Asks: 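For reference, the structure I am asking about is given below.
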Amino acid sequence: MKRTRQRLPHARVDTGKPLTFRFEGETYRGFSGDTLASALLANGVSIVGRSFKLHRPRGVFAAGREDANALVQLEHGAWSEPNARATLVPLYDGLVAEGQNAWPAPGWDLLAALGLLKKVLPAGFYYKTFIWPNWKYWEGLVRRLAGLGRAPTAPDPQYYFKQTVHAEVVIVGAGRSGLEAAVAAAQDPGCRVLLLDEQEEPGGSLLASPDPVDRAWLASTLERIAQCPNVTLVPRCSVNGYYDHDVLAALQRVCSHLGPHAESTAPREIFWRVCAGRVVLATGALERPLVFPHNDRPGIMLAGAVREYTHRYGLTLGERIVFFTNNDSAWHTALELAEHGVRVAAIVDVRPRVAPELLRQATAAGIVDRLGYSVVHTRGRRALRQLVIRRLTEGGHGLQGPRDILDCDLLAMSGGWSPTLHLYSQSGGKLDWRDEDSCFVPGAGSQAVTVVGRANGDFPQPLHTQAYWLTPGVAPDCQWVDFQYDVTAADIQLAARENYVSVEHVKRYTTNGMAIDQGKTSNVNGLGILALATGRSIPEVGTTRFRPPYHPATIGAWAGIELGALYQPFQRLPAHACHVALGAQMADMGGWQRPEYYPQAGESEQQAIAREVLAVRNAVGLLDYSPLGKLEVHGPDAREFLNRVYVNNLATLKPGAARYGLMLNERGIVVDDGVVVCLAEDHFLLHTTSGGASAVHRALEEWLQCEWVALRVLVSNVTTQWATFMLSGPGARAVLAQLPCDIQCSRDDFAHMQFRTGTLCGVPARILRASFTGELSFEISVPAACGESLWEVLMAAGASHSITPFGIEALMVLRTEKGFLHIGSDTDGNTMPQDLGWGDAIGKNPGDFIGRRSLALEAGQDPQRLQFTGLALEDETGTTVSGAHVLSEDGNSSAGYVTSACFSPTLGRTVALGIVAGARARLGETVSVYYEGKTQPARLVAPCQLDPEGARLQADAAAPQPVRQPGTPRSAVPQPATPQPATPQPAASQHIPQVLAARGPLAGDSGIATPGFRLREATGVELLRLQVFHRGEGQVEALASALHTALPGPGIAHPQGARTWLWCAPGDWLVTVPAGTGATELAALRAAAGELLAVAAAVTDSRVMFSLGGARVREVLARGTTLDLHQQYFEHQRCAVTRFASVPVLLLAEGDEMLLFACRSLAAYLSAWFRAVSRDC
Amino acid sequence: MMRIECPWCGSRSEDEFLCGGQSHIARPDPAAASDDEWAAYLYQRDNPKGPHHERWLHRFGCGQWFNMARDTVSHEILAVYPMTAPKPELLDVPGGEA
Ligand SMILES: [Zn+2]
C-alpha cells in the first residue's frame, strides 16, 4: 500500500498538529484527527494483524465499527487493552500498539507459513473433535493458535461509573438523519432530547463527504443544536443494547481516547442507562464486502471506507484503484474520487447493465468499465498487485470467456448496503427482506421506536443492487465471508450439506458472524450463500436474532465503582470504632461488618477464640449483638397474627415474658427462629436471626397485605434503631449491677426469658434475659446513637471482672457446645420442625400456622428424614468439619451431614451437630463420618453436650463454677495462650458516666467538599415516624383530622409549621421536627392518634441524614438511582423512596440541597460510595 | 429492563421490585384441603406464553404488594391493580402472539 506523504487539502485532520506513535516497535507520525487505522494507512502499513484461526494477513478493510481485521493490543501493562480496533482508536501523542495473534510479527507469521491450518480446521471443527478423536488432543494446539489479544493482568488504573439518564426523545446516531430528528424534536421546549453518537465527532457519513454543501450543512446544524438548551449531544457514546420498555444501555468513552499520558480525574468510561420516552434510530447502514476468490488480501477494502479515508483523512490509498460492485453506490464513490484527483482505473460490475448516465460520467473521467464481470482471483504477496476478472454468464450462474488481467494497487468493493438494525431487532422489531436493495429493513415494531434515514432503507440515491452472494464457477474455499474467523463460502455450503437448516445452527457450526464484530459485514452474505445452498429465499432462511451488546463493552464499566470495599453495601455496628480500636478481626456477615474475634499479641485465631469462649464460661464476655433482628408488631390482632406466624402457641405469653419461637414458610420449612417478647397485650417484639430481619419483615408484610388483609396489625423493623449488646457469663449480673439503672436485675426480680424496659445510664433501655451461650446473659439495647458509649461503659464496669470482648466465632462455639440451633447452618431447605424435635409441641398447639398443613404431607412423615442431632467423635482428639457426610449403613451413600463442628475449649474435644437420617430414633448409635477420603466413627448424641440441665443459667458472680481452666491439653488442637495477668483496675464505678453520650453515625467523617459537590451529615432536626393502619376504613382521614393537617400522598413533602411530613408508604410518614422538640412532638402525635391503630416513634437514631449540594449534585445522584431527578420533575419539596447505590433511601429536594435519609448502619457505606463517585466533581 | 408503574410511587425501574410469582392463588382451608389440593396450592403454577397475572412488591419503595398483568413474550405491562382486586379481563392483548 502506498505511503501517503501529503494529505489532500480538504482532509478533516489537523496537519498543524502532528503526533508521534509506535506500532510494532516502529515510530510513525500522524495528525490530530487521525485514527490509528488512518495513520497506519498513511504510513503504508498494510498488514496490521492476523486472522483468528488461520493466521492470514489482515489489513484495514473498513473505517468504522464493522472492521474486525485491524485488531491491536493497545498500550502496555495495566493500561493495555486487547482487541482494540485501529479504526476506532483516535490517535494521540505517544500511542503504542502491537498487532495481534501473530508470531513473531503480523508481517511475517510463522504459523501461517506452515500453510497447514486450513485443511485441519474445517467448519464445525470444534464439534467434530468432540466426537473424534477427542477434544483434549486438539485443545492445546487450538488454544495456542487461535486467539485474540491478551487481557491485562494488573488492576485497571482508571475507574468507571454508571448513571441513569431520562429523556423524552433519544436519538441514536448523529448523522444527517439523526441531526434532522434532533432539530425537529427540539421544537418542543419541554422535551428533553438526547442525541448519542458513537464517533469521535458528530456527522456520521457526512464526515466522509467532500461536498462543501454537506460540510456547511453539518456545521450550521451543529451550531443550531448547540443553541437548543433542551438538546444534549453526546459524542463517543455507543448505544449497545435496547431493552424492555425503551431502556437503552450505552457506553461513553470519557477519557479513554486520551491515552495513558493525559492527566484527568474523569472516569475512563461511563455506563449509561437511558430511559427514553421515544427512541429514534438513525444508525445508518453498513456496506457489505463481495464474496470472491482471495477477497481477504490486504489492499482490498470497502468502497465506502476508501471514500472516508480519502476525504475525511485526506489519504491517497492507491495510484490505480479498481472498484468491484453490484450496485450504484460504488460508481458515485469512484466518480467523486476521480473528481478529487484520485486515479480510478476501472469499475468491475457484476451487473450486465447500469444507468447510461453513470457510464457516460465514468468514461468522461477516464474510468474503464467491465459490466457483467466478476473478479475471480487477486494477486500480490504483501500488497495487492493484480486482479483476474472473467465474464459472468447470462443469469450470473457461471463464468465464461477468457480471463482478463487488471493491474491495480487497491480494490474498493461494494456488495450492497445493510441498514444497521441491531438495536431495532433487540427492541423486538421485526426485520423484513427488501429484494430490490438486497437488505433487511425495519418491519413491525414493538416499542416506541422510529427508524430513520439509511437505517430505514432510505438511501440518498437508488442503489439498484443485484444480489451477488458468491462467485460462481470457482472454488468456494478461498472465498471469504467472515474475515476474522476465517469462514469461507465452502464452510457454509458444507454445513448445508451436513444438513444444517436453521440459520442459528449454521452460525454456530461455522462460526460465521461470531467474531468480535458479530457479523456486521458477514451476516447477510452468509444468509445469501445458505439460501443458495439450500434452495430457499432469504426470507425463508430468516436471520439470526441480534443480541446486546452491539459493540463489545468494557467489563470494568459494567462493574462501575462496585469493586473492593464497595463491591456490595456494608452495614456498620454502632460501636464499630471500639471494635477496631480493640484490634478485632472484622468480617462480612449477612451484610454487617462484625468482629470475628479479638486477637491479642502473639495469639493465633484458634487461641483467641478459645480464650474468649473460656472467658464467657468462667467470667464474663461482651458481644456486639446489634444485628439481631428486631421487629415490632402492634395492633389488636397482633397476638392472633403471631399465632399464625409462629409454630408456638403464643396465647399464653404474658406482658414482660419472652418465648423462643420457630417460623416456617408455607411449605413447612423452618426459615427463622428467635425470641418473641410480649410488651403489652397489643404490642410484641420479635427477634429474628441476625441479618434475617428484612426477609422476615417482608414475609410478614406479604401475609398481611395479600392474605390476611383484615388483621389490624402494624409491623415495623426497628433493628437499626437499637444498639444491642450481649453480656454473658457468670459475672454478667455483677457487671450490670454497677450501672445506674432503674431495672431490677437481681436473680429474683429478673428471671430467665423475661424482658424489662427502663432507663440505663440516663437513656431508654430494653433488657432481655435469654441465652444463646448457655450462660447467664443479658441482651441490653439502647438507642443506636448511644451504642458506642454503652460499650465503653460496660467495658469499664466489667474491668474488675476481667470482662472479655468476644466475637461471632466464640459465640458459634458457645452455642454449638450447647446444641443451640443456628438456622441456615443446622437447617437446610428441607428442614421441618419435627426434624428439630418439635413434633410433640406442635401436636399440642390447636391452632393453624403458616406451613402447618405441609407438615402432614407424605414427605413430612418419612421416618428417614434428616433430623437434628449431636455428634460425638469416638476419637476424642479427632476433628471434623461442617459439610462432612454421615454415611448410610452400607457405607455407599450419604445419610446426612455435619452442619456445625468446632473445637470446644470447654470440653477439650470437638463438638459437632448435624442432620442425619432418622437420627432421633438412633440416639447412641455409631455412624461413620466421611470427609476427604477419610472416615471416622462418631456417636449420635443429644445436641446439647454441655450442662444439659441448664444450671449455668442461674450462675452468679458470687459463686462461679469454673468449667475448666486452660492449660490442661487433652488434644492436639491449639490451646489458648496463657492469659495475661489482669492489670489491677481501680474501682470501676468511678469511671462509669451517669448518662450515655449520643454520637452521630458519621462522627469523624469530615464530609466531601469538591468544587461541584458537597456532602455533610445533616443535623438540627429530629425524626419521627408515624404509621397508621391504612387498610382500615377511614383511618388515614381520621388521623389527618385529629392532626389538623393534610397528610401528604406519594412524592410530596408537606410542611406543617415546624414539622415536615414526608410520605414513605401508604399510612407511613417520616416527620422532621427541629432538634430538641422530638419528645414533645412525639407526645403530641401520640395524643392526636388517640384510639386509632397508629404508632408514633422517634427514629432519629436509626437513620442517617445526608445533606448534599453543589452544582453537580443531581448528576452525582443519577449515578446511584434510576429515578428521574431532573429539576423539572424533582423540584423543591419533592420526595421519593427509592433504590440508591443498591440500598433503600428517601430523597428530598430542599431548595438547592438534596437530603438523603438512609439506615444509620449504612452511613459509612454511603459516605464511601459518594466519595468514590464524586471523584470527577 | 422493565419500567413498572407502582400504584403508589409511579414509574420505577425493575430493579426496585421483586416478583412474587403468579397471583390469584387462593389459599385452601388447611383443615379441609386434601394433600393433592394443598400440593397444588403450593407448587402448581401456570407458565403461559403471553399474558400472565403476577404479584409484585415495590421492595425499594413503598413496600407494597400489587398485582400486575404482564405479557411474558413482549414484557408489555397490560394492567396494574390492587392486591385485593379481582383478576381483570384482558381483552385483545397486543403483542401477545409470538
Ligand atoms: Zn411504590
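Source: prediction; values computed, not measured. Because only heavy atoms are used, hydrogens play no part in the values below, and waters and symmetry mates are left out as well, while side chains stay in.
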Asks: So which part of A:Glu702 gets closer than 4.5 Å to some heavy atom of chain B, the side chain, the backbone, both or neither?
Replies: both
Asks: So which of B:Thr84, B:Ile4, B:Asp15 has the largest heavy-atom pair count under 4.5 angstrom toward chain A?
Replies: B:Asp15
Asks: Which region of A:Ser446, side chain (C-beta onward) or backbone (N, CA, C, O), has a non-hydrogen atom less than 4.5 Å from a non-hydrogen atom of chain B, or is it both or neither?
Replies: neither
Asks: What part of B:Trp38 lies closer than 4.5 angstrom to a heavy atom of chain A: side chain, backbone, both or neither?
Replies: side chain
Asks: Are the side chains of A:Phe271 and A:Leu251 in touch, meaning some heavy atoms are under 4.5 Å apart?
Replies: yes
Asks: Is the closest side-chain heavy-atom distance between A:Trp1069 and A:Val1028 below 4.5 Å?
Replies: yes
Asks: Within the 4.5 Å heavy-atom criterion, are A:Arg192 and A:His1126 side-chain neighbours or not?
Replies: yes
Asks: With sequence neighbours left out, write down each residue that passes side chain to side chain donor-acceptor pair (under 3.5 Å) with A:Arg273, or none if nothing qualifies.
Replies: none
Asks: Heavy-atom pairs under 4.5 Å with chain B: which of A:Ala276, A:Gly1051, A:Ala249, A:Gly1049 has the most?
Replies: A:Ala276
Asks: Can you tell me which portion of A:Cys706 sits under 4.5 Å from chain B's heavy atoms? Options are side chain, backbone, both or neither.
Replies: both
Asks: Need one label for A:Ala444: side chain, backbone, both or neither, based on atoms under 4.5 Å from any heavy atom in chain B.
Replies: neither
Asks: Which of residues 17-25 of chain B have a heavy atom under 4.5 Å from any heavy atom of chain A?
Replies: B:Leu18
Asks: Let me see the working for A:Phe1140 and A:Trp1169 under ring-ring contact (aromatic ring centres under 6.0 Å, His included), right down to the final yes or no.
Replies: CA-CA 10 Å; A:Phe1140 185 89; A:Trp1169 187 93; 5.0 Å; yes
Asks: Just give me the residue among B:Arg12, B:His75, B:Arg27 that pairs up with chain A most often, heavy atom to heavy atom, under 4.5 Å.
Replies: B:Arg27
Asks: Let me know which of B:His52, B:Glu76, B:Glu54 forms a side chain to side chain donor-acceptor pair (under 3.5 Å) with B:Arg70.
Replies: B:Glu54
Asks: Taking the six-membered ring of A:Trp708 (Phe, Tyr or Trp), confirm whether the NZ or CZ of A:Arg644 is under 6.0 Å from its centre and within 45° of its axis.
Replies: yes
Asks: Under 4.5 Å heavy-atom distance to chain B, tell me which part of A:Asp246 shows up: side chain, backbone, both or neither.
Replies: both
Asks: Testing the basics here: between A:Gln447 and A:Tyr243, what is the closest heavy-atom pair and its distance to 0.1 Å?
Replies: NE2-O, 3.1 Å
Asks: Measure distances from A:Val1143 to the heavy atoms of chain B and classify the residue's part below 4.5 Å as side chain, backbone, both or neither.
Replies: backbone
Asks: I'd like to know if the side chain of B:Glu16 pairs up with that of B:His58 as donor and acceptor (distance under 3.5 Å, no hydrogens or angles considered).
Replies: yes
Asks: Could you check whether A:Thr719 and A:Asn717, counting side-chain N and O atoms only, form a donor-acceptor pair closer than 3.5 Å?
Replies: yes
Asks: Please flag which part of A:Leu857 lies under 4.5 Å from any non-hydrogen atom of chain B: side chain, backbone, both or neither.
Replies: both
Asks: Please check if any side-chain donor atom of A:Glu666 sits under 3.5 Å from a side-chain acceptor atom of A:Ser854, or the reverse.
Replies: no
Asks: Taking all non-hydrogen atoms of both residues, which atom of A:Ala1065 and which atom of B:Gln64 are closest, and how far apart?
Replies: CB-NE2, 4.3 Å
Asks: So which residue, A:Arg698, A:Glu701, A:Arg852, ends up with the most heavy-atom pairs under 4.5 Å with chain B?
Replies: A:Arg698
Asks: Less than 4.5 Å to any heavy atom of chain A: does that hold for the side chain of B:Tyr43, its backbone, both, or neither?
Replies: side chain
